[in-house]
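In this text, all values refer to a predicted model and were calculated from it rather than measured experimentally.
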Amino acid sequence: MRKFATVSYNLYGNFTNYGSALQTYALRRAISELAPSEVEAIVLDYCPDCLRENDPLNPAKRMWDADAESRRMVELTMPAIRENYVKFDRFYHEECNLSEGSYTSSNFDDSLAAEGLDGYVCGSDTIFCIREFDGFDDGYFANFPAMRNRSISYAASFGDVDWTEDEINTLKERLANFKALGVREGGADFEWIQANVDVPVTRVLDPTLLLTGADYSPIVGEPQMDEPYVLLYSRRYNPAMETYADRVAKRLGCKVVDISLRATNAERWHVMRYDAGVEEFLALTKEARYVVTNSFHGLIFAAQMHTPFSVFSREQADTKISQLLAWLGLSNRAMVSGDEDVSLEMNFNDMESRLAGLRESSLSYLRGGLRLLGAECL
């Protein structure tokens, strides 16, 4: 039995995050299902130094939006945040096959022997974004001695970063730690790696798309509402998006279920559900008449559940959203102002056809990468 640990951004984020939890779940499961009797994957309980001060039960300390109104919204949402945190903690411990030990920079190298590992898979999410993680984290860039030449990346993302010359030199050194590089976005970063790093690089799907919509059935919760609704899932406040969600709900003759930090939206007759755990989020997405979101993973799970959706532009997420929509043939679902002419009905046949090929090529990369780490059975 070959054993690998995924290393990613998940347990120690400032806010509990459906995308982080579900990419963690999906990547571990996809690896384990490549050869169930011969390959096992665990999720390494790893906290980077830059996240050690994060407190999901007191997230206002490290918020993107530091204005007084945004902080007030967090304070009003704290009861739901606390409930949400308990649900996420249970999900990670019950559904993600966490490592026996917990690791930081001080003991990371112990994980190789302590967990009986053959290698590491770094990803997914923006683990290569040095602005988000205060530099080149050694766990995310496979720079601990235990990881060098025992690691591949899967669907790692650089985010939208302008690199200095010194950072570029460091990046070349760090990426050489990997046996193979799977990155989530194409474009200039992908082309730069091809030209400057002597490690094979492949563009791959986000791990949540390695599984089909049906594959999530075991963790989809019970229906959350007994009447029709539009799901508004906001990762950052956007008044135009909220107005659009209200307009869609009125056209469809239903309510708005709202997963956001905008607690005062209850005054707009929104049903506020920031308390929703992972399973409840999946159920809310699956059962919705329509999804309005500015979340990368919000659009993914609307697509996976075949729920019609619109996705709004969002700072720090535009590149990954636009590239994924183009890959799936869904660029017409993108919105900026809310005044775009977008149909409230969707046909997902073409998307599923595209996904089938992209999924197989991404799994092929994963098999090849793990073979480089000693999983000859693949």
Participant: Just how far is it from atom CG of L366 to atom CZ of F4, taken to the nearest 0.5 Å?
Facilitator: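 So the gap between those two atoms works out to 9.5 Å.
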Participant: Who pairs with D67 by side chain to side chain donor-acceptor pair (under 3.5 Å), at least two apart in sequence or on another chain?
Facilitator: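 Partners of D67 by the side chain to side chain donor-acceptor pair (under 3.5 Å) criterion, ordered by chain and then number, come out as S70.
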Participant: What I'd like to find out is whether the side chain of Y103 reaches to under 4.5 Å of the side chain of L44, using heavy atoms alone.
Facilitator: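 Sidechains of L44 and Y103: in contact.
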Participant: Does Y120 have R150 sitting over its ring (NZ/CZ under 6.0 Å from centre, angle to axis within 45°)?
Facilitator: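 Output no; distance or angle outside limits.
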Participant: Do the side chains of R2 and D118 get close enough for a salt bridge, i.e. N-O under 4.0 angstrom?
Facilitator: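 A salt bridge links R2 with D118.
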Participant: Distance check, rounded to the nearest 0.5 Å: F296 atom CZ versus Q323 atom CD?
Facilitator: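 Rounded to the nearest 0.5 Å, the CZ-CD separation comes to 9.5 Å.
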Participant: In Å, rounded to the nearest 0.5 Å, how long is the span from CE of M78 to CG of N58?
Facilitator: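 These two atoms lie 6.5 Å from each other.
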Participant: Extract all donor-acceptor atom pairs below 3.5 Å that involve side chains of residues 134-145 and protein atoms in other chains or at least two apart in sequence.
Facilitator:
residue : atom : partner : partner atom : Å
D137    : OD1  : Y46     : OH           : 3.1
D137    : OD2  : Y46     : OH           : 2.8
D137    : OD2  : G139    : N            : 2.9
D137    : OD2  : Y140    : N            : 3.0
D138    : OD1  : N143    : ND2          : 3.0
Y140    : OH   : S8      : O            : 3.4
N143    : OD1  : N177    : ND2          : 3.1

Participant: Please check this pair: side chain of R371 against backbone of L378, looking for a donor-acceptor N/O pair closer than 3.5 Å.
Facilitator: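 It does hold such a pair.
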Participant: Which value, rounded to the nearest 0.5 Å, describes the distance between C377 atom SG and M1 atom CE?
Facilitator: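 Output value for this atom pair is 9.0 Å.
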Participant: Quick one: do E242 and H270 satisfy side-chain hydrogen bond (donor to acceptor under 3.5 Å, both in side chains)? Show the steps, please.
Facilitator: CA-CA 10 Å; E242 293 181 353; H270 288 197; over 6 Å; no
Participant: Answer yes when E185 and R203 have at least one side-chain N-carboxylate O distance shorter than 4.0 Å, and no when they do not.
Facilitator: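 Between R203 and E185 there is no salt bridge, as every charged N stays at least 4.0 Å from the carboxylate O atoms.
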Participant: Please find the pair of heavy atoms, one from D206 and one from A155, that lie closest to each other, and give the distance.
Facilitator: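 Result for this residue pair: CA-CB, 4.2 Å.
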Participant: Does the side chain of I259 come within less than 4.5 Å of F281's, by heavy atoms?
Facilitator: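 Sidechains of I259 and F281: in contact.
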Participant: Could you walk me through whether Y92 and T24 pass the side-chain hydrogen bond (donor to acceptor under 3.5 Å, both in side chains) check?
Facilitator: CA-CA 9 Å; Y92 279 123; T24 298; 4.7 Å; no
Participant: Looking at residues at least two apart in the chain, or sitting in another chain, which of them share a side chain to side chain donor-acceptor pair (under 3.5 Å) with E167?
Facilitator: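 Side chain to side chain donor-acceptor pair (under 3.5 Å) list for E167, sorted by chain: R131, T164.
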Participant: So which heavy atom on S153 is nearest to which on F128, and how close?
Facilitator: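 Closest pair (atom of S153, atom of F128, distance): CB-CZ, 4.1 Å.
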Participant: Any Lys/Arg nitrogen of E360 or R367 sitting under 4.0 Å from an Asp/Glu carboxylate oxygen of the other?
Facilitator: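 Yes, this pair counts.
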Participant: Go through the steps for D246 and T243 under the test side-chain hydrogen bond (donor to acceptor under 3.5 Å, both in side chains), then give the verdict.
Facilitator: CA-CA 5 Å; D246 286 343; T243 299; 5.7 Å; no
Participant: Can you name the closest pair of heavy atoms from H306 and P308 and give their distance?
Facilitator: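 Looks like O-CD, 3.8 Å.
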Participant: Report the C-alpha distance between D258 and V271 in whole Å, list the side-chain angles of each, state the deciding distance to 0.1 Å, and finish with yes or no for side chain to side chain contact (heavy atoms under 4.5 Å, CB included).
Facilitator: CA-CA 6 Å; D258 188 330; V271 178; over 6 Å; no
Participant: Quick check: closest heavy atoms across S310 and Y244, and the distance to 0.1 Å?
Facilitator: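 Where S310 meets Y244 most closely, the heavy atoms are OG-OH, 3.2 Å.
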Participant: Salt bridge or not for E75 and R72, using N-O below 4.0 Å?
Facilitator: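 No, no charged N to carboxylate O under 4.0 Å.
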Participant: Would you say the rings of Y290 and Y229 are close, in the sense that their centroids are separated by under 6.0 Å?
Facilitator: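 No - the distance between ring centres of Y229 and Y290 does not fall below the 6.0 Å cut-off.
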Participant: Take W269 and V256, measure what side chain to side chain contact (heavy atoms under 4.5 Å, CB included) needs, and give me the verdict at the end.
Facilitator: CA-CA 8 Å; W269 306 108; V256 174; over 6 Å; no
Participant: Could you tell me whether the side chain of S99 and the main chain of D45 form a donor-acceptor pair under 3.5 Å?
Facilitator: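 Indeed, once roles are kept as given, a pair shorter than 3.5 Å links the two residues.
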Participant: Which heavy atom in D109 sits nearest to a heavy atom in A146, and how many Å separate them?
Facilitator: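 Result for this residue pair: OD1-N, 2.8 Å.
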Participant: Apply side chain to side chain contact (heavy atoms under 4.5 Å, CB included) to K320 and S157, showing your working.
Facilitator: CA-CA 9 Å; K320 62 184 178 183; S157 174; 5.5 Å; no
Participant: Mind checking the CD1-CG spacing from I127 to N10? Nearest 0.5 Å is all I need.
Facilitator: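 The CG atom of N10 is 10.5 Å from CD1 of I127, to the nearest 0.5 Å.
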Participant: Are any of the side-chain heavy atoms of L34 and L363 separated by less than 4.5 Å?
Facilitator: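 Yes. Closest side-chain heavy atoms under 4.5 Å.
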Participant: Is there side-chain contact between S20 and H297, with heavy atoms separated by less than 4.5 Å?
Facilitator: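 Answer no - side chains too far apart.
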Participant: Applying side-chain hydrogen bond (donor to acceptor under 3.5 Å, both in side chains), run through D275 and Y85 and close with a yes or a no.
Facilitator: CA-CA 8 Å; D275 64 297; Y85 173 80; over 6 Å; no
Participant: Verify, without hydrogens or angle tests, whether N196 (side chain) and W192 (backbone) share a donor-acceptor contact under 3.5 angstrom.
Facilitator: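 Yes, because the side chain of N196 sits within donor-acceptor range (under 3.5 Å) of the backbone of W192.
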Participant: Check whether the side chains of Q23 and S124 place a donor and an acceptor atom closer than 3.5 Å, and report yes or no.
Facilitator: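 There is no such pair (donor and acceptor under 3.5 Å, judged by atom type) between the side chains of Q23 and S124.
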Participant: Does E165 have more than 12 heavy atoms from other residues, nucleotides or ligands lying within 6.0 Å of its CD?
Facilitator: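 Not buried by this count: 12 neighbours or fewer within 6.0 Å.
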Participant: Between L299 and R333, is there a side-chain heavy-atom distance shorter than 4.5 Å?
Facilitator: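 Result no, sub-4.5 Å side-chain heavy-atom pair not found.
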Participant: For Y274, does its backbone N or O pair with a side-chain atom of N84 as donor and acceptor, under 3.5 Å?
Facilitator: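 Between the backbone of Y274 and the side chain of N84 there is a qualifying donor-acceptor contact (under 3.5 Å).
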Participant: Are R184 and F190 in a cation-pi setup, meaning NZ or CZ lies under 6.0 angstrom from the ring centre and within 45 degrees of the ring axis?
Facilitator: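 No - R184 does not lie over the ring of F190 by the 6.0 Å and 45° rule.
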Participant: Taking C-beta and beyond as the side chain, do L328 and D350 meet within less than 4.5 Å on heavy atoms?
Facilitator: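 No, side chains not in contact.
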Participant: So which atom in A26 and which in Y216 form the shortest heavy-atom distance, rounded to 0.1 Å?
Facilitator: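 Looks like CB-OH, 3.6 Å.
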Participant: Would you confirm whether S151, through its side chain, and R148, through its main-chain N or O, come within 3.5 Å as a donor-acceptor pair?
Facilitator: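 Not a single qualifying donor-acceptor pair exists.
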Participant: Kindly compute the distance separating CG (L171) from CG (D189), expressed to the nearest 0.5 Å.
Facilitator: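 L171 atom CG to D189 atom CG measures 8.5 Å (nearest 0.5 Å).
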Participant: Donor-acceptor pair, distance only, cut-off 3.5 Å: does the side chain of Y154 make one with the backbone of L205?
Facilitator: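 Answer holds: yes.
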Participant: Do any N or O atoms from the side chain of Y18 and from the backbone of A276 form a donor-acceptor pair under 3.5 angstrom?
Facilitator: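 Answer holds: yes.
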Participant: Are the side chains of N332 and E340 in touch, meaning some heavy atoms are under 4.5 Å apart?
Facilitator: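 With C-beta onward as the side chain, the pair stays apart.
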Participant: So that I can tick it off, tell me whether R273 and E83 are bridged by a salt bridge, with the cut-off set at under 4.0 angstrom between side-chain N and carboxylate O.
Facilitator: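 Result for this pair is no, no salt bridge flagged.
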Participant: Does this structure show an ion pair linking K87 with E279, if we count only N-O contacts that are shorter than 4.0 Å?
Facilitator: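 No.
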Participant: Would you say V292 and F309 make side-chain contact, with heavy atoms under 4.5 Å?
Facilitator: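 With C-beta onward as the side chain, the pair stays apart.
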Participant: Test your reading of the model: is there a side-chain donor-acceptor pair from T16 to the backbone of F88, 3.5 Å cut-off?
Facilitator: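 No, because the side chain of T16 does not come within donor-acceptor range (under 3.5 Å) of the backbone of F88.
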Participant: Begin from the C-alpha positions of F178 and M147 and carry the test side chain to side chain contact (heavy atoms under 4.5 Å, CB included) through to its verdict.
Facilitator: CA-CA 8 Å; F178 294 94; M147 302 181 80; over 6 Å; no
Participant: Using the rule that two of Ile, Leu, Val, Met, Phe, Trp, Tyr join whenever any of their side-chain heavy atoms come within less than 4.5 Å, decide whether I300 and V183 are in one cluster.
Facilitator: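 Looking at the clustering, V183 is in the same group as I300.
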Participant: Closer than 3.5 angstrom, by distance alone: can the side chain of Q304 be matched with the main-chain N or O of L211 as a donor-acceptor pair?
Facilitator: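 Yes, the answer is positive, given that a donor and an acceptor are paired below the 3.5 Å cut-off.
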Participant: I'd like to know if the side chain of N107 reaches the main chain of D110, judged simply by a donor and an acceptor atom lying under 3.5 Å from each other, with no hydrogens or angles considered.
Facilitator: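 Answer holds: no.
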